[in-house]
Amino acid sequence: MDFSAISVVSLLATLMVAATPILLAAIGELVTEKSGVLNLGVEGMMIFGAICGFIAAVETGSPLIGFIAAAAGSAALSFLFAILTQYLLANQVASGLALTLFGLGLAALLGHQYTGIKPPSSPKLDLPILSDLPVVGPILFNHDYMIYFSILLVAGVWYFLKFTRKGLVLRAVGENHDAAHALGYKVIRIRILAIMFGGACAGLGGAYLSLIRVPQWTEGMTAGAGWIALAIVVFASWKPWRIILGAYLFGGVTILQLNLQAVGVDIPVSYLSMAPYLVTIIVLVIMSADRKRASLNAPASLGRIFHASN
Amino acid sequence: MQNATTKSLILATKLFATECEPALAWVSLLNLNESPILSNLLRLNGLTKAYPGVIANNAVSFDIGVGEIHALLGENGAGKSTLVKMIYGLVKPDSGEMEFLGQSFAPSEPRAARQSGVAMVFQHFSLFEALNVAENIALGMENPPRAKVLSQQIREVSAKYGLTIDPDRLVGDLSAGERQRVEIIRCLLQDPKLLIMDEPTSVLTPQEVETLFVTLRKLQSEGTSILYISHKLDEIRTLCERATVLRGGKVVGTCTPSQETAKSLAEMMVGAKLQTPKKAATELGQPLLKLENLSLQSKDPFGTSLRDISFILRAGEVLGIGGVAGNGQDELMLALSGEELVDANAISLKGEFIGQLGPTPRRLRGLLAAPEERLGHAAAPDMSLTENSLLTAFYRQRLGRRGFVNKQASENFTKAIIQQFDVRTPGITNTAKSLSGGNLQKFVVGREIVQNPTVFVVNQPTWGVDAAAAAAIRQALLELASNGAGVLVISQDLDELMEVSDNFAILAEGRLSKPQSAKGVTIEEIGLMMGGSEIA
């Protein structure tokens, strides 16, 4: 074993790339859950976004259009979930699981002819001087634009939820939908918008996988990233900045595991591949051990069906 | 002088009535003289609203004067809530019209009603526990100012009307009285012309009620009209100048409450003569249930932990436990029913320590419980009445063998409950949620009483139940005690506790006061105990 072969600088740089898809999906799901809706279809929306973005980028040659198409496609898919759960009052857990299965199948169907193609590459940030700095340069100033966008998005969501009137209304709807309705807020409309925002973010996360991280299309390429994103929302106890922490922690474990494999650590590969998921489970158990804290942070109406009784 | 004011604050409601009536009359005269043209603030004309199978409001007409405190009286299901929702823009009337300050008034949503000057304090507080006071208030306003300005305004209004509150506190940490202040401040910041209050005092201590009345009178003297909805007839007689009585969706009468008795008002509401439950005088017997230094850490982050609770319940005794909701009532109920286990020695039933036993063994030994929340805790909403009676009576009534249900026996058992307690339902296969609140409560209480308990614990036996059903339930509790069972009644309704209890204690902040005879206690004393101060 030769641990010196692991370069800390490249480790940190690749960590951000590995974390960004789940970061995007998780921040979207956070907004959805803050409005009181539990959408378990993140995995399905991610992979649908991955193929929508891939097709659009390959056909037009523009990664930007790819990302826009991914966001639009997954938002449309989540709109289906919104109609089912908000208008038809279907169970959110069952609908979310169905959305995942549906998204996986639909993406496989659409992507049939796109396996093995290379998508157009995305431009990277290249600031004079800053990007050439040793250590700091590659870690902070030499990434594709989506990474910076994802961090800005988290900041935006934080600001929106904490300081704006609309953010306050959204939190109120997630906290007590009956009271919000009694005050005259449009619970269903607000929730549909939140679901679609969550869908769009999941789509961006998926497209980041197929257009930048991998970059190509393979069936089932999200490989559970959507589920991790869901777990990270709980891990972050519904606070935007902690989403970054959670996503980067998870990204870090994933990358470390790849690096350890590369230097030939004497542990079977399967154990290493399991590691990130095990860590996630352990962290979730620790987080929810304190029942008081966990139930304080969760939106009180999360997963409950709203039906205006008058 | 200072002392005199404080004293008059804690006077019993009835005393207050006689003292303030001249003042009230004076105020209303003043308003009429000042603004003769606008003597009517809101005028309802033939409002009708029908839901499938029921006419909630049938041609309801009355009017509310400027600066008038107007009572809306009626039993559950009389149509009060629907009427108020129409005024507040939550429900659209099928026909009829409203006039507000002489203008046609048809709010399409609460926002429109608020803009016209209608504000409402809800029965079940429409607050958000995880948000702070200022955020909660901002949500109820049309154009809230920036956070800092709003906090300043909240402090000003709360000082002006004596509604002390800190804008930065989380609502989840506030008491019921404080939460109501938040709701009222939210309304006041919008300068309402009409303030609608739906059952505002159901969760307050007598002192808090007095503070509220002072605030309401101050508002009235400034020309704000108040539509006051309540079951509590003494309050209405004290506070309101006129009352409109609804029954079955129709206006059945208008009266001046101060000239009526509580009984005559109640009979107007019910449309029949009422009988007060009576208890046959019995000697208290052997101790049945004994609690010794029971402590329980609450699992609910907004709950109250129980600390060192001790009392003895004897055969034939009704022990009333009063106090404002959220002072440990739910936790005490859980500890007694066996849903939360406590120290084995903390609870004993006929000398046997049962603190570590779950609900089923406790039931087998004769300790039965009926929790407060009818739907979801006492009964499973979507299951039939038979299935619901099986849930608590399966073992005690031997409604099955070797894990199999005896259909015949359980149906007979359910029919017995329905018959004995006059539960109005089409049949035993109807779901629990299809019953009205009063009927379901009769079923839930009856289900336990028919099982012949040694000790029966009931939380809020008549919460949200109409007067006739409430009287029937109280009568059943008294009869159970006369037959030699011990009955523990946890309630926030002081009148109810005074009516049924032999002995009486107050739960405040998770501690129980020493039980004392209910005969000699006055409302003021109870109020002080509820505030947490101990009476020797």
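So you know, we letter chains A, B, ... as the sequences are listed, proteins then strands, and number each from 1.
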- Message: A side-chain contact here means heavy atoms from C-beta on lying under 4.5 Å apart; do B:Phe105 and B:Ser116 qualify?
- Response: yes
- Query: A:Met146 versus A:Phe149: any side-chain heavy-atom pair under 4.5 Å?
  - Reply: yes
Under a 4.5 Å heavy-atom cut-off, does chain A meet the side chain of [X], its backbone, both or neither?
X: B:Glu109; answer: side chain
X: B:Arg114; answer: side chain
X: B:Leu139; answer: both

- Note on the structure: Okay, A:Ala172 and chain B: the region with an atom under 4.5 Å from a heavy atom over there is both
- Atom CZ of A:Phe102 with >12 non-hydrogen neighbours under 6.0 angstrom: no
- Could you label the plane-to-plane angle of the A:His177 and A:Phe306 rings as parallel, tilted or perpendicular, counting under 30° as parallel and over 60° as perpendicular? tilted
